[in-house]
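The chains referred to below are lettered A, B, ... by the order of the sequence lines, with proteins before strands, and numbering in each begins at 1.
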Protein chains: 2
Amino acid sequence: MSVVPIKKAPEPTIRRLPDYYHYLKWMQSNGREVVSCTHIARDLDLDPTQVRKDLAVTGIRGKPKVGYLVTPLIESIENFLGWNNLTDAFLVGAGSLGTALLGYQGFKQYGLNIVAAFDKDKRKIGKKIHGKEVLPLDKLPGLAERMHILIGVISVPAESAQAAADVMVEGGIRAIWNFAPVSLDLPEDMVVQNENLASSLAVLSRQLAEAVK
Amino acid sequence: MSVVPIKKAPEPTIRRLPDYYHYLKWMQSNGREVVSCTHIARDLDLDPTQVRKDLAVTGIRGKPKVGYLVTPLIESIENFLGWNNLTDAFLVGAGSLGTALLGYQGFKQYGLNIVAAFDKDKRKIGKKIHGKEVLPLDKLPGLAERMHILIGVISVPAESAQAAADVMVEGGIRAIWNFAPVSLDLPEDMVVQNENLASSLAVLSRQLAEAVK
DNA sequence: TAGATTGTTAATCGATTAACAATC
DNA sequence: TAGATTGTTAATCGATTAACAATC
């Protein structure tokens, strides 16, 4: 009755927020202190009203005639996305994609800190990749539980993805970032993002086919 | 007047087609010859009407009471997505992500064949990564033109992405698959797919925040 | 034949875009 | 003050879902 429900932000809005964030960071590094939606919209090729609505979900208020203060706006987005504090994560699959993900320093900026890798291949276990240890997969549930890990990254081949997901669920992991090209069968309350390269490539191919038609 | 325009398929539909494709391939390998939308919808957790509409864009017709013939349906999707013949592509940025992409055998299945990598780092030039040569970036325009390369993959850091894109445009490349976390400034007629890891991570963080709330 | 399934038209839903009053 | 910009309500647009006749 009295609790105002947090308005659920539309997914397209959430997907655009990082773009605003990077843009604003750049503005900030240029010494810019204030910026208007009109300006952002022009530079990012979006509708000004959309920009206003998108930014509004983070709770920020602009000043009519002036615009938005850059620094508080950045903080508002960081806070909304949870990018102001690091969340530890486990990665399963220390192959070439896994290695690339382990080496990507940029995730820290997005609040994600991959602390360890897991693999079932004995030849990989014990090695260090980009400073992170590769552990046997069956150690994951125990460690995840003890370390209160909430996020798991899957970078194994399609065939092994479901097994990797099952182990994560067993360890109490709540959100999975899945780079394997399969849809996972998971409990209702699990959060999943499929990084579907096949889908992106499908869209690219079709658009190219139409463009050169 | 007389030419029936090709109905432009909705992007969400195109993004789902690879999922149907993988599912059908699996059905096929299980010896299944016929499958109904109802069945597909249940397994893939979609609406049956949506499945029918999605499949219809590829031009296939089902048989009332029976369903769809698996093999022709697979071919129809392959054909629609252009996955039945390989398109050669160039990759710029032979860092860890680039290396992972060069090593991923799955792209061939999706009609993409990365034939060479380019980098501006002299220490990488001349090496072979997963059997593909790393060439100096300034050779790209000439080679792209001569080899009629239409697709470019960008896996460089954010700062270098625009420069990589410019070189691709110069070489007559028409479609860019961009893994750098920046939006590129490109001519109108260029096709772009941004593989935006920051966006996916933003959605994951928010959903997790709501789930554990 | 009866019933399951397709193909298509209509209804719903949600996101984007337009219009405009409020404001510094 | 005048005018640019915000915040919000209404209109539009497109995708999803529901309803149902046609069909094998």
Side-chain angles (χ1 to χ4, degrees), chain A residues 4-17 19-20 23-24 27 32-70 72-73 76-77 80 196 199 202-203 206-207 210, chain B residues 4-17 19-20 23-24 27 32-70 72-73 76-77 80 196 199 202-203 206-207 210:
Chain A
V4 180
I6 294 161
K7 209 196 281 170
K8 205 175 150 280
E11 187 171 317
T13 291
I14 299 176
R15 297 196 75 88
R16 279 188 296 269
L17 286 174
D19 295 337
Y20 297 125
Y23 172 80
L24 291 164
M27 279 302 193
R32 189 79 185 244
E33 286 177 12
V34 176
V35 68
S36 76
C37 282
T38 332
H39 200 132
I40 300 176
R42 191 164 355 101
D43 287 349
L44 260 44
D45 202 24
L46 297 168
D47 183 277
T49 304
Q50 185 166 69
V51 175
R52 271 198 287 284
K53 286 205 168 164
D54 284 347
L55 299 181
V57 305
T58 70
I60 199 87
R61 305 279 310 187
K63 289 200 185 113
K65 153 112 180 160
V66 180
Y68 297 80
L69 294 172
V70 173
L73 183 47
S76 180
I77 296 174
F80 182 81
N196 203 332
S199 289
V203 175
R206 276 306 298 178
Q207 288 177 342
E210 276 177 23
Chain B
V4 181
I6 296 160
K7 208 196 282 170
K8 204 174 151 281
E11 188 171 316
T13 292
I14 299 176
R15 297 196 75 89
R16 279 188 295 269
L17 286 174
D19 295 337
Y20 297 125
Y23 172 82
L24 292 164
M27 280 302 193
R32 190 78 186 247
E33 287 179 10
V34 176
V35 68
S36 77
C37 282
T38 331
H39 200 132
I40 300 176
R42 190 164 356 101
D43 287 350
L44 260 44
D45 201 23
L46 296 169
D47 183 278
T49 305
Q50 185 167 68
V51 175
R52 273 199 287 284
K53 286 203 169 166
D54 284 347
L55 299 180
V57 305
T58 71
I60 199 87
R61 304 279 311 185
K63 288 201 186 110
K65 153 115 179 153
V66 180
Y68 297 82
L69 295 172
V70 173
L73 183 46
S76 181
I77 296 175
F80 182 81
N196 204 333
S199 289
V203 175
R206 277 306 298 176
Q207 288 177 342
E210 276 177 22

Distance check needed: C:dT16 P versus A:Asp54 CG, whole Å only.
7 Å

Between NZ of A:Lys8 and P of C:dC13 the distance, given in whole Å, is 15 Å

Would you give the length of the straight line joining atom CG of B:Asp54 to atom CD1 of B:Ile77, rounded to the nearest 0.5 angstrom?
9.5 Å

Tell me the interatomic distance from B:Leu46, atom CG, to D:dA15, atom P, rounded to whole angstroms.
16 Å

Distance check, rounded to the nearest 0.5 Å: B:Arg61 atom CZ versus B:Tyr68 atom OH?
8.5 Å

Taking the minimum atom-to-atom distance to the side chain of A:Lys53, which one of D:dT9, D:dT6, D:dT16 wins?
D:dT9

Would you confirm whether B:Arg206, through its side chain, and A:Phe80, through its main-chain N or O, come within 3.5 Å as a donor-acceptor pair?
yes

Residue whose closest nucleotide on DNA chain C lies nearer the 5' end, B:Ile60 versus A:Glu11
B:Ile60

Of the candidate nucleotides C:dG7, D:dT17, C:dA18, which contains the atom at the shortest distance from the side chain of A:Asp47?
C:dA18

If I take atom CD1 in residue B:Ile40 and atom C1' in nucleotide C:dA4, what distance separates them, rounded to the nearest angstrom?
15 Å

Assigned partner base of C:dT16, Watson-Crick or wobble definition, under 3.5 Å
D:dA11

Looking at C:dA21, which nucleotide sits across from it as a Watson-Crick or G-U wobble partner, both distances under 3.5 angstrom, or is there none?
D:dT6

Minimum heavy-atom distance A:Cys37-A:Pro48, with the two atoms named:
CB-O, 4.0 Å

Nearest to side-chain heavy atoms of B:Lys65, which nucleotide of D:dT6, C:dT6, D:dC24:
D:dC24

Taking atom C1' of C:dT16 as reference, at what distance in whole Å does atom CZ of A:Arg15 sit?
17 Å

Between A:Pro12 and A:Val66, who's closer to the 5' end of DNA chain C by nearest nucleotide?
A:Pro12

How close or far is atom P of C:dA19 from atom CD of A:Gln50, stated in whole angstroms?
17 Å

Within this structure, what is the CG-OG distance for the pair B:Leu17 and B:Ser76, rounded to the nearest 0.5 Å?
9.0 Å

Checking contacts here: which listed nucleotide (C:dT6, D:dA4, D:dT6) is nearest the side-chain heavy atoms of A:Cys37?
D:dT6

Rounded to the nearest angstrom, tell me the gap between atom CG in A:Asp45 and atom C1' in C:dT16.
14 Å

Taking CG from B:Leu73 and P from C:dT6, how many angstroms apart are they, rounded to a whole number?
11 Å

Quick check for you: among C:dT23, C:dT6, D:dT17, whose closest atom lies nearest to any side-chain atom of B:Thr38?
C:dT6

With heavy atoms under 4.0 Å as the rule, sort A:Thr49 into base, sugar-phosphate or nothing.
base

Quick check on C:dT8: is either OP1 or OP2 less than 4.0 Å from any side-chain nitrogen or oxygen of B:Arg52?
no

Can you tell me if the side-chain N/O atoms of A:Arg16 get under 4.0 Å from OP1 or OP2 in C:dT16?
yes

